[in-house]
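Read the structure below first, then the notes.
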Protein chains: 2
Amino acid sequence: MSQLDTVHRILDAAEVLFAERGFTETSLRTITSTAGVNLAAVNYHFGSKKELIQAVFERFLTPFTEHLDRELSRRASADQQLKVDDLLQSLYQVALGGLASDGRDPKRFMRLLGLAYTQSQGHLRRFIVSRYGASYQRFAGLLRVALPDIDPVTFYWRLYFMLGATIFSLSSFDAIEAILREDFGAESSLDETLARLAPAAAALLTAQD
Amino acid sequence: MSQLDTVHRILDAAEVLFAERGFTETSLRTITSTAGVNLAAVNYHFGSKKELIQAVFERFLTPFTEHLDRELSRRASADQQLKVDDLLQSLYQVALGGLASDGRDPKRFMRLLGLAYTQSQGHLRRFIVSRYGASYQRFAGLLRVALPDIDPVTFYWRLYFMLGATIFSLSSFDAIEAILREDFGAESSLDETLARLAPAAAALLTAQD
DNA sequence: GTCTATAACGCGATAGAC
DNA sequence: GTCTATCGCGTTATAGAC
């Protein structure tokens, strides 16, 4: 088995298992046996479990922020000024859809983001902020320009409300979808849910006090 | 030290440590040494770590749902029909404020709820649903009556969006508050944040498609 | 570059003395 | 009811053979 295969197989197994169980709850033994590689391979290729966790996020966040940055630049050059709806559409449809078109599961990505937020992995938060903080700042800045009438503190709280609604509900997408399917017999696809989320998030951001 | 003291001290230490680090990341050794009790005391008084986790949630959720149920009954007997704003006010101001007036930290409660949501503790989810599901169903049912024009699947997705915005942002209240204080020099109290969250959540729920 | 074997340690839980 | 001591197991990480 080539080195590239081994690294790849470890990342694939770790991504799925972390998303299902969390970081602490997933042992290197489980990851390596699922991946079909030797236990020592993780420490050889990644150095430590922490660095493996960061590598899993890097593989999601780099294409995600690239899709988002590209789409924001495209829209910004076309329009005079980006509106709230444009920005949310960039975030939801393009960035997540772009991820899906790369063959990466956007629901799993959201689950990992939720874990990064609540599990106290200080190293992971530092890694994400230092590596991808610029893209976040750009998006937040454009949204701020699109909502000039809201006072700044309220604006930022609403930004976190919006992120919370997004990450929380999408990270539990499968569980929520299963409940609604049982109660109403109606299946919800990720696209339909994003189509429901976008106007709700826009209303949240633009609400009158 | 009396038995009541020991049980109490374990619960106090576990509540703080779980909220700070998560369940798996907090060992019984850390809990008992923080509480100043013997390691064996947890298994003696609670049976297992899982049952200790449930006891920590019980001590928050029982008064919380009692406050909420009482307030919903009070409002329902006064008004003809409860509106969205009434229901959100019951949830935010009264239930959380009631918790605070009992001397229980509502931010810590929100952090624990966030953990229960994202950390895969199957036993905890089953415990919460079986013990407190009725209060949740009642609140969701009243909110449904207040929003009859929205189609049912959209309504429930929005309910999860609203819960996500609430739990996610309040569970990270201290971290978000610190960022905003550094950037704008403006402190945000929990009350002020709830006063910002209520209209935003109402707008999210009542949005036009 | 990949393997086996193991070091070094922390975990939850419990038996048994007091 | 509280203590000490310990069992049995799982963990990450690494040394050394191949």
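What you see below is based on every heavy atom in this structure, not just the backbone, and it leaves out hydrogens, waters and symmetry mates. Below, chains carry the letters A, B, ... as their sequence lines are ordered, and counting in each starts from 1. Predicted model only: the values in this text are computed from it and were never measured.
Between the A/D102 side chain and the A/R104 main chain, no donor and acceptor come within less than 3.5 Å of each other. A donor-acceptor distance shorter than 3.5 angstrom exists from the side chain of A/S169 to the backbone of A/A165, with no hydrogens or angles considered.
Inspection of the A/Y117 and B/S171 side chains reveals no N or O donor paired with an N or O acceptor under 3.5 Å.
For B/D69, the salt bridge (Lys or Arg N to Asp or Glu O under 4.0 Å) partners two or more places apart in sequence, or in a different chain, are B/R138.
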Q | Protein proximity profile, nucleotides 11-18 of chain D - base contact B, sugar-phosphate-only contact S, no contact -, cut-off 4.0 Å on heavy atoms | A | BBBB----
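Distance, A/H45 NE2 to C/dG1 P: 7 Å, rounded to whole Å. The interatomic distance linking B/F46 (CZ) with C/dA13 (P) rounds to 13 Å, in whole Å.
Listed by first and then second residue, the salt bridge (charged side-chain N to carboxylate O under 4.0 Å, His left out) pairs that reach into residues 161-186 of chain B are B/K107-B/D174, B/E177-B/R181, sequence neighbours excluded.
One finds a side-chain N or O of B/T6 lying less than 4.0 angstrom from the OP1 or OP2 phosphate oxygen of D/dT2.
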